[in-house]
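Keep in mind that the numbers below use all heavy atoms, side chains included, and drop hydrogens, waters and symmetry copies. A, B, ... follow the sequence lines: proteins, then strands. Residue 1 opens every chain.
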There are 2 protein chains.
Amino acid sequence: MRRMTARPANAHQARLLRLLRDGGPNSRAQLGDQVDLSRSKLAVEVERLLETGLVVADGLAASRGGRRSHNIRLNPGLRFLGVDIGATSVDVAVTNAELETLGHLNQPMDVREGPVAVFEQVLAMAAKLRASGIAEGFDGAGIGVPGPVRFPEGIPVAPPIMPGWDGFPVREALSQELGCPVMVDNDVNLMAMGEQHAGVARTVADFLCVKIGTGIGCGIVVGGEVYRGTTGSAGDIGHIQAVPDGRPCACGNRGCLEAHFSGAALARDALDAAQQGLSVELASRLETNGGLTAVDVAAAASAGDATALDLIREGGNRTGQVIAGLVSFFNPGLVVIGGGVTGLGHTLLAAIRTQVYRQSLPLATGNLPIVLGELGPTAGVTGAARLISDHLFSPA
Amino acid sequence: MRRMTARPANAHQARLLRLLRDGGPNSRAQLGDQVDLSRSKLAVEVERLLETGLVVADGLAASRGGRRSHNIRLNPGLRFLGVDIGATSVDVAVTNAELETLGHLNQPMDVREGPVAVFEQVLAMAAKLRASGIAEGFDGAGIGVPGPVRFPEGIPVAPPIMPGWDGFPVREALSQELGCPVMVDNDVNLMAMGEQHAGVARTVADFLCVKIGTGIGCGIVVGGEVYRGTTGSAGDIGHIQAVPDGRPCACGNRGCLEAHFSGAALARDALDAAQQGLSVELASRLETNGGLTAVDVAAAASAGDATALDLIREGGNRTGQVIAGLVSFFNPGLVVIGGGVTGLGHTLLAAIRTQVYRQSLPLATGNLPIVLGELGPTAGVTGAARLISDHLFSPA
DNA sequence: CTACTTTCTCCACTCACAGGACAAAGCAGC
DNA sequence: GCTGCTTTGTCCTGTGAGTGGAGAAAGTAG
């Protein structure tokens, strides 16, 4: 199948495409209610979109008391590829133009193996998905990497946990390989976009999305748009000082949030506790698996292990303190907690909430939900698909 | 003189008015270079603006090698009133449409006396300025208050340091009294707008403006626009925890930044030091004035008093730590330090810089200037004038 | 079969805007 | 003073975007 290369010719068409993406199929009349254009003008633009093939009219909808309407929908053959590169694993998914996931693969992989090895893996996964018959090719791809990105060029800059990627032209390279447009962003920003598109943040304009995985980052959404900062490092909250004169951190400072709570820190703390004999539960898991991760802590906690629960509460308190400061500063309408440690669930959430509600001013917290992300591992890939669709569904 | 009531009829006219405001007088040709409109269309819009009286054509400019151009400029009779209500004083200024200050008054006044008393004072000051002949009336007024504001309505909400103002319809009331449009905002946001219009932040899209006065607040500018948060309390950083289990704060928590460093905290620390005999300089000032303020500390410091310098450095360190966190989170292109304590000057700035450059990641600080505000006490009133002019110079 | 609803198409009219021709006004060199 | 060149500003016409109304198409309810 030949891939679509058309782009909306003007802002009206872009608007219509996004409406169809976010709201699903629709009639001309229903579209007209949402775009503030005369029906005649709207009909013209829809006609042009039909000509480009971006949009198709298939069948008639049920009558609503009068003439039946045509179903206008995005071309069902369009396919986006969403890639979410984490520190220790890679997610690849295929979506249709409405950003519904049609297939999803996950593979463990160390990002430090460098861009060449990771790309090979990503392309293999994409090929596998394609081979399964859900896509014959891709109309666009979004990719998230665990570090700051120079957004317009799609190039990682000075990423602490993936030094081999510094300056690697991710966008250019992937676009070459896949033969379609590509956009690159920070993985945390993509998670925020995912939750905004299909998750808990659907109706909120200004919110924060805190991702706690191997490291800690925060997606910032202002007026419905991701804010990336002057050099693309906005939301890098892992190295905010959480504990004065605290633990040494890889960045050279002491007491960074990430050094006290993150997937990596939690695993280390659990190991210490197990070795010191503080927790039978953790010790037995250590013996069984030969090592400990955040998943073990989560399991121990849900089994009622006091030490594991303490570790989670302690970390949640630290994180909550930092978030409390950010809430005072940013006054968001919602705080989403996500990432690998979401498995720690309500123990973590309770600790964070306690700190935020106690430390921030009532005006900022009065109506502030603090919730877990709804999408889990698909948030990143959904956000990636949304990123490229936002790009493609904007005037050429 | 009858006041102007016209408003720009479309986005082009609004754009032209703002260009004339920010860039001063201009010819049609020069305007055409900046707005991407054909000369004919531009001429039409300028003609309409001339008809409304918002803009005038006076005289010819010097030739630049050909026909001389007409000087197109904003009506020189337009007058804006800028009001900056601080915790302990009020600033009122009159500007022309280019936001140049034509007259400026400052009076000590306690904001806790409540809106009625403060309004009386503000109106008296405005009348005095009018009587001096620089204005016959006002085409619009901007006003800043030291607390969060529900921006669209212009009503303070739950302001901690001015409880009597909660819910008072500032915009409505002042508009009645002055007979012109009024916009209300947080004083810190206005300072940011002032520095953006005529100060150090002229060329930066994303920056932070930290105002250290009686309290501490932070103006947040995203993409050239002030960000106010979901409930209007964004930038309220005075109650971020700076010292774990630190001093008790009026808000009920412990260790808030404001409790450890602000005009009020500094004065109290200076008093303690003087009474404990730690500083001869401060003690003698206490005896002379019967009390101490941040100004005394500044004077003592510039006289070389070690205790005063220590107080400033200590406070700068605390503030710098908090700002370091915000820099990591927000990744601004500039940090402006302003407010009453600007008199503490480079000792304060050096302490803040040290903390930020040490604690934040290189990618965020690499090219980050941290500077004192350029406008001093006129930043607030200039920002207020800009606020109302932004409102009036937007399509009706 | 009639009355009414909703959906969609067609057409004429308006208005925003571009772009070129041209007039007005100035400079420089001869 | 005259000629050629430059810059500024105005006028006029053509084009295309967009509106709004008339009415056709297709349905429901009685």
Check: Considering heavy-atom distances to DNA chain C, does A/A29 or B/R48 have its closest nucleotide positioned more toward the 5' end?
Finding: A/A29
Next item on the list: Assign each of B/N71 and B/G65 to its nearest nucleotide of DNA chain D by heavy atoms, then name whichever residue's nucleotide is nearer the 5' end.
Entry: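 Final value for this comparison: B/G65.
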Item checked: Closest-nucleotide ordering on DNA chain D, the 5'-leading residue of A/N10 and A/R68 -> A/N10
Distance check needed: [N] [atom2] versus [X] [atom1], whole Å only.
| X | N | atom1 | atom2 | result |
| --- | --- | --- | --- | --- |
| A/L60 | D/dA25 | CG | P | 16 Å |
| A/E47 | D/dA17 | CD | P | 15 Å |
| B/L37 | C/dA18 | CG | C1' | 10 Å |
| B/E45 | C/dC15 | CD | P | 14 Å |
| B/L31 | D/dG9 | CG | C1' | 13 Å |
| B/R39 | C/dA21 | CZ | C1' | 12 Å |
| B/H70 | D/dT10 | NE2 | C1' | 11 Å |

Listed nucleotide nearest any side-chain atom of [X], set [options]:
| X | options | answer |
| --- | --- | --- |
| A/S63 | D/dG27, D/dG18, C/dA18 | D/dG27 |
| B/S69 | C/dT9, D/dT10, D/dT8 | D/dT8 |
| B/R28 | D/dT10, C/dT7, D/dT19 | D/dT10 |
| B/S27 | C/dC17, C/dT7, D/dG9 | D/dG9 |
| B/S38 | C/dT7, D/dT19, C/dA18 | C/dA18 |

Margin query: Just N and O in the side chain of B/H12: are any of them under 4.0 Å from OP1 or OP2 of C/dC17?
Written below: yes
Margin query: Looking at A/R64, I'd like to know whether one of its side-chain N or O atoms comes within less than 4.0 Å of OP1 or OP2 on C/dT7.
Written below: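 Yes, A/R64 has a side-chain N/O under 4.0 Å of OP1/OP2 on C/dT7.
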Checklist line | Beyond-backbone contact of A/I155 with A/V149, side-chain heavy atoms, under 4.5 angstrom | finding: no
Next item on the list: Determine the contact category for B/K41: base if any of its heavy atoms lies under 4.0 Å from a base atom, sugar-phosphate if only primed atoms, P, OP1 or OP2 are that close, otherwise nothing.
Entry: sugar-phosphate
Checklist line | Cation-pi geometry met for A/R228 and A/F151 (6.0 Å, 45°) | finding: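 Yes, A/R228 lies over the aromatic ring of A/F151.
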Check: So does B/S40 reach the base of C/dG19 with its side chain, donor to acceptor, closer than 3.5 Å?
Finding: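 Yes, a donor-acceptor pair under 3.5 Å.
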Item checked: C/dT6 base / A/R67 side chain donor-acceptor hit below 3.5 Å -> no
Next item on the list: Give a yes or no answer on whether the side chain of A/E195 reaches the backbone of A/L375 with a donor-acceptor pair at less than 3.5 Å.
Entry: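 Flag set: sc A/E195 to bb A/L375 pair under 3.5 Å.
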Check: Counting heavy atoms not belonging to B/D33, are there more than 12 under 6.0 Å from its CG?
Finding: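 Atom CG in B/D33 is packed in, count exceeds 12.
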Checklist line | A/E225, CD: over 12 other non-hydrogen atoms inside 6.0 angstrom | finding: no
